[in-house]
Amino acid sequence: MKKFLLGLTCGIALTATTAVYASETINAYLFPVKYVFNGQSKELDKEYTTLNYNGHAYVPIRFVTENLGSIVEYDENTQTIKINDNTDASHSVNLTDNDAKEILKVLIPKAVRFYGVFNGTGWFKLDKTNTIPGEPGYAQVIDERITSIADLKNWVEETFTKDVAQTVFYSRYLTPEIGSLPLYKDYQGKLYNDTGNGGHGWAFTFLTDTAKVISQKDNVAEVELDRTLFNNPDIKLTIRIEYINDKWMLASRLDI
């Protein structure tokens with residue numbers, strides 16, 4: 001939000017239209033600009049006006065901040081405008097079926113990859129000569145990006161929401177029940193994989209071209225699509241996607 005406001009007030013060249021005299025010393029111009037927030041067009045409310053003064057756009061701050069999910073307040077005593085994130089507000093989404101298809105074409109391949117990462121060994125290159133003392137079944141992961149449990153979690157949370165990642169992956173494979181070994185462990189700042197935990201192939205195929213939006217509210221949409229099992233029709237799967245921090249994320253599991 002700050003970059004958005006700063007960009008508008010710091011040097012956009014504009015073509016003047018109708019003159020407005022705000023005072024004896026300032027000449028401003030009405031500017032019939034269009035507003036697009038996160039890819040969605042918004043009509044400027046009739047009570048607001050956008051002005052061009054000295055080559056800069058002056059926008060109605062309440063209209064802009066509220067459409068970005070923030071709160072603006074004016075303190076008359078200190079003559080201070082306060083802008084704060086609204087933690088209770090959600091970006092409103094209005095997805096078409098085609099939008100949903102394009103989003104899932106990006107998210108689902110990434111999600112399937114993580115099911116492979118947590119499905120056993122074979123995803124990462126391992127140095128099997130470098131093991132945890134007393135636990136020879138754990139071999140060091142050799143990967144430039146993923147070198148710890150924290151890195152692994154950050155990677156997963158680029159695609160899945162944290163609560164889904166915790167339920168689907170972390171609780172089962174990083175902190176399993178007593179009597180079961182975690183799939184990954186940290187040791188001396190390095191990541192190790194349990195080589196004795198064999199995996200199996202992913203049998204599902206997700207037909208993203210069949211995706212249809214069945215409901216949406218605020219920053220969440222539910223999308224239904226077909227899934228096959230070993231290339232045979234399986235079920236119609238309902239996937240929940242959520243718009244968080246300017247990106248779409250999976251907010252439901254795929255293995256149901």
Side-chain angles (χ1 to χ4, degrees), residues 102-208 211 220 223 225-232 234-235 237-256:
E102 293 305 314
I103 291 168
L104 293 182
K105 284 179 181 178
V106 173
L107 288 180
I108 287 182
K110 292 181 179 180
V112 170
R113 173 181 59 188
F114 291 120
Y115 277 92
V117 168
F118 285 94
N119 212 17
T121 58
W123 180 265
F124 293 112
K125 181 180 178 181
L126 302 177
D127 180 0
K128 294 186 178 181
T129 66
N130 194 345
T131 62
I132 298 176
E135 298 180 277
Y138 283 93
Q140 184 181 341
V141 171
I142 306 301
D143 190 276
E144 292 182 358
R145 180 181 178 186
I146 312 301
T147 61
S148 66
I149 295 292
D151 289 342
L152 187 59
K153 287 184 174 181
N154 288 336
W155 188 31
V156 174
E157 289 163 20
E158 292 175 2
T159 301
F160 286 93
T161 59
K162 288 185 178 181
D163 57 336
V164 174
Q166 173 63 34
T167 301
V168 178
F169 302 121
Y170 306 161
S171 62
R172 297 164 64 186
Y173 300 105
L174 301 184
T175 54
E177 296 179 357
I178 296 175
S180 298
L181 294 174
L183 182 60
Y184 294 96
K185 276 188 177 184
D186 280 334
Y187 176 71
Q188 292 187 340
K190 303 294 182 180
L191 183 66
Y192 288 76
N193 186 197
D194 179 10
T195 59
N197 192 328
H200 52 80
W202 184 257
F204 296 113
T205 301
F206 300 88
L207 308 180
T208 54
V220 177
V223 183
L225 73 158
D226 293 336
R227 187 178 74 178
T228 64
L229 176 61
F230 293 114
N231 295 322
N232 296 313
D234 181 42
I235 61 171
L237 182 68
T238 299
I239 293 178
R240 191 169 181 260
I241 56 177
E242 190 169 347
Y243 195 74
I244 303 174
N245 296 329
D246 299 326
K247 64 182 294 187
W248 284 102
M249 304 186 72
L250 276 173
S252 62
R253 60 195 307 160
L254 301 182
D255 57 332
I256 58 172

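Index from 1, following the sequence.
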Could you state the interatomic distance from CG (Leu107) to CD1 (Ile239), rounded to the nearest 0.5 Å? 8.5 Å
Where Phe160 and Ser252 come nearest, the two heavy atoms and their spacing: CE2-O, 3.8 Å
Sorted by chain and residue number, the side chain to side chain contact (heavy atoms under 4.5 Å, CB included) partners of Asp143 (sequence neighbours excluded) come out as Phe124, Val141, Arg145, Ile146
Tell me, which pairs form a salt bridge (charged side-chain N to carboxylate O under 4.0 Å, His left out) where one or both residues lie in residues 148-157, sequence neighbours left out? none
To check you understand the geometry: which heavy-atom pair defines the closest contact between Leu254 and Leu237, and what is its length? O-CD2, 4.1 Å
Once ring-ring contact (aromatic ring centres under 6.0 Å, His included) is applied, do any residues pair with Tyr173, and if so which ones, sequence neighbours excluded? Phe118
Could you pull out all residues at least two apart from Ser171 that satisfy side chain to side chain contact (heavy atoms under 4.5 Å, CB included)? Gln166
How far does CD1 of Ile149 sit from OH of Tyr170, to the nearest 0.5 angstrom? 9.5 Å
Side-chain donor-acceptor contacts of residues 130-137 below 3.5 Å, not counting sequence neighbours, with atom names and distances?
unit_1: Asn130; atom_1: OD1; unit_2: Tyr192; atom_2: OH; d: 3.3
unit_1: Asn130; atom_1: ND2; unit_2: Gln140; atom_2: OE1; d: 2.5
unit_1: Glu135; atom_1: OE1; unit_2: Lys185; atom_2: NZ; d: 3.2
unit_1: Glu135; atom_1: OE2; unit_2: Lys185; atom_2: NZ; d: 2.4

By side-chain hydrogen bond (donor to acceptor under 3.5 Å, both in side chains) - contacts of Asp186 (at least two apart): none
Can you say whether the rings of Trp123 and Trp155 are parallel (under 30°), tilted (30 to 60°) or perpendicular (over 60°)? tilted
Nearest heavy-atom contact between Pro182 and Leu174 is CB-O, 3.5 Å
Assess whether side chain to side chain contact (heavy atoms under 4.5 Å, CB included) is satisfied between Asn193 and Leu183, documenting all intermediate values. CA-CA 6 Å; Asn193 186 197; Leu183 182 60; 3.4 Å; yes
Interatomic spacing from CG in Leu104 to CG in Leu207 - rounded to 0.5 Å: 11.5 Å
Tell me, please, which residues at least two apart from Asp127 pass salt bridge (charged side-chain N to carboxylate O under 4.0 Å, His left out). none
Using every non-hydrogen atom in the two residues, find where Leu250 and Ala111 come nearest and quote the distance to one decimal. CD1-CB, 3.4 Å
Nearest 0.5 Å, what's the CD1-NZ distance between Ile142 and Lys128? 12.5 Å
Could you name each residue pair satisfying salt bridge (charged side-chain N to carboxylate O under 4.0 Å, His left out) that touches residues 247-256, not counting sequence neighbours? Arg172-Asp255, Arg253-Asp255
Sorted by chain and number, sequence neighbours left out, side-chain hydrogen bond (donor to acceptor under 3.5 Å, both in side chains) with Thr208 holds for none
Please identify each residue that fulfils side-chain hydrogen bond (donor to acceptor under 3.5 Å, both in side chains) with Tyr184, with sequence neighbours left out. none
Assess whether side chain to side chain contact (heavy atoms under 4.5 Å, CB included) is satisfied between Leu152 and Val117, documenting all intermediate values. CA-CA 10 Å; Leu152 187 59; Val117 168; 4.0 Å; yes
Report the residues that fulfil ring-ring contact (aromatic ring centres under 6.0 Å, His included) with Tyr138, sequence neighbours left out, ordered by chain and then residue number. none
4.5 Å side-chain heavy-atom contact, Ile108 and Leu225: yes
How far does CD1 of Ile241 sit from OG1 of Thr161, to the nearest 0.5 angstrom? 12.0 Å
One should read off an interatomic distance between Phe206 CZ and Asp226 CG, to the nearest 0.5 angstrom, of 11.5 Å
Quick one: list whatever passes side-chain hydrogen bond (donor to acceptor under 3.5 Å, both in side chains) with Lys105, sequence neighbours left out. Asp209
Does CD in Glu158 sit with more than 12 non-hydrogen atoms of other residues, nucleotides or ligands closer than 6.0 Å? yes
